[in-house]
Amino acid sequence: MRRVLAARLGFALALVVCAFIGVYVLTALAPGDALDDGLRTSASLAAERSRLGLDQPVLSRLATRLGRLAVLDLGTSLRYNQPVLALVTQRTATTVQSGAAALLLALVIGIPAGVLGSRARSPVVRHGISAISILLLSLPALVVALVLAVVASGAGVPSFAVMVISLALPAAAVVERLQSRAMDAVQRELCLDAARARGVPRGAITWRHAWPLSLPSVLGVVGILAGHLLSGALAIELVTARSGLGLLTFEALMARDLDLAAACAAAAALIVGLATLTADLLHLWIDPRSAVP
Amino acid sequence: MRLARAIGGLVLATLCLCAVCAPWLATGDVATQHPDLALAPPSLNRRTLVERLPPTYRTLDERLPLTWFSGTLVRSADPSEPLLPLGSDSLGRDQWTRLLHGARLSLGLTLSGLAGAVLIGTAVGLLAGRREGWLDAALMRVADLFIAWPALYVVLVLRAALPLSLPFSALFALMTFVLTLAGWPIVARAVRAVTASERGRESVLAAEAAGASPTWILRRHLLPAATPVIVTQALLLVPAFILAEATLSFVSLGFSEPTPSWGTMLREASNPFTLRHAPWLLAPAGAIALVTLGVNLIAEKR
């Protein structure tokens with residue numbers, strides 16, 4: 001497990017660096033320029049470019065930027081005229097707040113629903129939960145956000161709640177399905193048979209014995225879920241014009257603001273990498289056996 | 001769960017059929033604007049404008065005259081007042097007609113993106129799964145990097161790096177290219193997993209011992225084994241692609257007016273106040289949800 005963790009950490013770092021470099025180079029090669037707003041004369045444009053070092057080749061600029069990255073100097077945003085690091089941290093915090101709240105809500109709804117969906121005695125409950133989850137799974141966060149925005153504008157619900165709920169509902173459906181499949185899968189474990197033979201009540205078998213066994217497969221997808229949530233948050237931020245990492249990325253890309261766009265991309269990669277790593281650590285804590293290869 | 005699969009298939013087939021028959025099912029013209037009927041609600045009767053802001057209509061007792069089967073399924077016989085089965089948008093354009101033509105574009109783009117992603121993904125997956133080695137490792141690391149990154153960010157970055165305003169056919173090709181680039185790693189990963197496990201099977205070893213060529217093994221053993229996985233992965237890519245198109249068009253990085261696509265139509269629905277007044281503007285969102293539902297019902301495993 002330690003080796004797996006080290007590999008995960010390495011992969012997360014590689015992801016962040018690749019995202020940074022990839023977006024930097026792609027945006028630099030894209031047509032258009034951060035300074036060219038149609039107001040400047042070509043002479044002042046050239047002067048400004050050489051002052052900012054924008055007339056150098058892309059690769060040498062990238063090398064300088066990566067060198068400064070080591071001391072956490074991410075440069076200055078040309079569009080906002082603010083240090084990139086402060087801007088990105090602030091916007092990332094907004095998105096991570098709603099994303100984390102949504103993830104928590106999704107787990108709180110999805111896990112009990114999944115256990116019930118697999119273990120409930122009544123077929124009505126089981127099929128009902130399965131049907132609801134498939135319906136929720138089919139409502140993309142973007143669609144939920146549009147509908148909720150209408151309701152919220154009438155009822156005066158804050159946009160934070162709209163964002164969290166529209167992110168959490170599809171995610172809860174994903175968690176429910178994984179959890180109920182994992183519960184189905186662990187039913188044949190010998191230790192559960194032994195517990196049943198000892199006369200342990202059904203509820204205790206489900207929650208004390210079977211559920212912890214099923215957790216690793218649910219935790220395994222937290223990284224993917226974090227990616228889904230970020231994608232959903234991007235769509236919602238674009239649609240409802242709520243400020244956050246997604247909207248910042250979009251604006252930076254459109255303004256060809258190289259440093260800002262690359263930093264945003266790296267921040268998104270960092271979130272996914274950290275989520276996966278946290279899930280791995282939780283897995284290690286819940287199931288110490290996984291530390292032994 | 002065969003019922004769920006049948007329902008899902010039926011939903012998708014109906015939607016595709018609607019998209020194919022769009023010109024015949026349409027009740028009007030895609031771009032014709034009716035300024036007197038902006039944000040008009042769906043109705044079979046004639047109506048008059050009673051207030052301009054927000055546009056409010058009074059439904060009259062008189063039915064709209066309809067002509068059936070004259071080139072199209074049904075159309076209003078009165079050219080000044082069109083039949084609006086799904087209401088109209090803020091420019092007074094027929095929402096139902098635009099939804100149908102938007103389905104052509106959105107589903108067509110999804111299908112061409114899928115074709116690209118499946119072709120490249122299958123090729124890469126087979127290539128990586130055939131032999132262990134540096135090529136396998138390198139290809140899969142690249143795929144992992146793509147998969148780990150939030151999908152919509154990949155699409156946004158790729159799209160934003162390309163020229164913004166383009167003629168329609170170039171734009172369609174470019175969007176297909178972007179979706180292909182974003183989708184291939186998911187197919188490749190699944191195909192590679194199947195190929196790698198299939199490669200060690202005795203039937204494959206026997207074929208090798210009998211002197212079968214690599215092409216033969218690829219065609220007769222590995223590809224058939226990978227087909228179900230490819231179908232599943234392709235299905236699961238459909239909602240992601242539709243959503244990517246919708247989001248890109250929404251922020252005017254995708255298709256642009258007056259071409260209707262589900263994303264450009266959703267732009268009308270972005271203002272909650274208009275939307276509360278005219279909930280039928282959410283029709284494209286409903287269509288997106290319907291496609292996703294169909295796919296989920298088919299891919300249902302339980």
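Below, chains carry the letters A, B, ... as their sequence lines are ordered, and counting in each starts from 1.
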Side chains of Thr264(B) and Thr259(B) in contact at under 4.5 Å (non-hydrogen atoms): no

CG on Leu105(B) to CE on Met265(B), rounded to 0.5 Å: 11.5 Å

Chain A contact via Leu293(B) - which portion, at a heavy-atom distance below 4.5 Å: both

Heavy-atom contact with chain B under 4.5 Å, split by part of Ala152(A): neither

Part of Tyr153(B) lying under 4.5 Å from any heavy atom of chain A: both

Best-contacting candidate, Thr27(A), Leu29(A), Leu137(A), against chain B by heavy atom pairs under 4.5 angstrom: Leu137(A)

Residue Phe11(A) excluded, over 12 heavy atoms near CZ under 6.0 Å: yes

Beyond-backbone contact of Cys264(A) with Leu245(A), side-chain heavy atoms, under 4.5 angstrom: yes

Residue part contacting chain A, namely of Leu297(B), when any heavy atom lies under 4.5 Å: both

From CG (Leu281(B)) to NE2 (His277(B)), nearest 0.5 Å: 10.0 Å

Top of Leu146(A), Leu139(A), Val23(A) for chain B proximity - count of heavy-atom pairs under 4.5 angstrom: Leu146(A)

Distance in Å, Gln179(A) CD paired with Ile129(A) CD1, rounded so as to fall on 0.5 Å steps: 11.5 Å

Residues of residues 11-19 of chain B with any heavy atom under 4.5 Å of a heavy atom in chain A: none

CZ-CG distance between Phe20(A) and Asp259(A), expressed to the nearest 0.5 angstrom: 6.5 Å

Asp144(B) versus chain A, the contacting section by heavy-atom distance below 4.5 Å: both

Top contributor to chain A interface from Val157(B), Val154(B), Leu253(B), Val251(B) [non-hydrogen pairs under 4.5 Å]: Val251(B)

Show every donor-acceptor pair shorter than 3.5 Å between a side-chain atom in residues 267-276 of chain A and any protein atom, with sequence neighbours excluded, or say none if there are none.
{"from": "Thr276(A)", "atom 1": "OG1", "to": "Val272(A)", "atom 2": "O", "distance (Å)": "2.8"}

Interchain contact, Ile236(A) with chain B, by part (heavy-atom threshold 4.5 Å): neither

Option that, when pairs with chain B are counted at under 4.5 Å, heavy atom only, ranks first among Thr240(A), Ile224(A), Leu135(A), Leu234(A): Leu234(A)

Leu142(A) portion near chain B, given a 4.5 angstrom heavy-atom threshold: side chain

Per-residue contact mode, Pro239(B) against chain A (heavy atom under 4.5 angstrom): neither

Closest-packed option against chain A by number of heavy-atom pairs under 4.5 Å, given Leu243(B), Leu158(B), Val291(B), Ile288(B): Leu243(B)

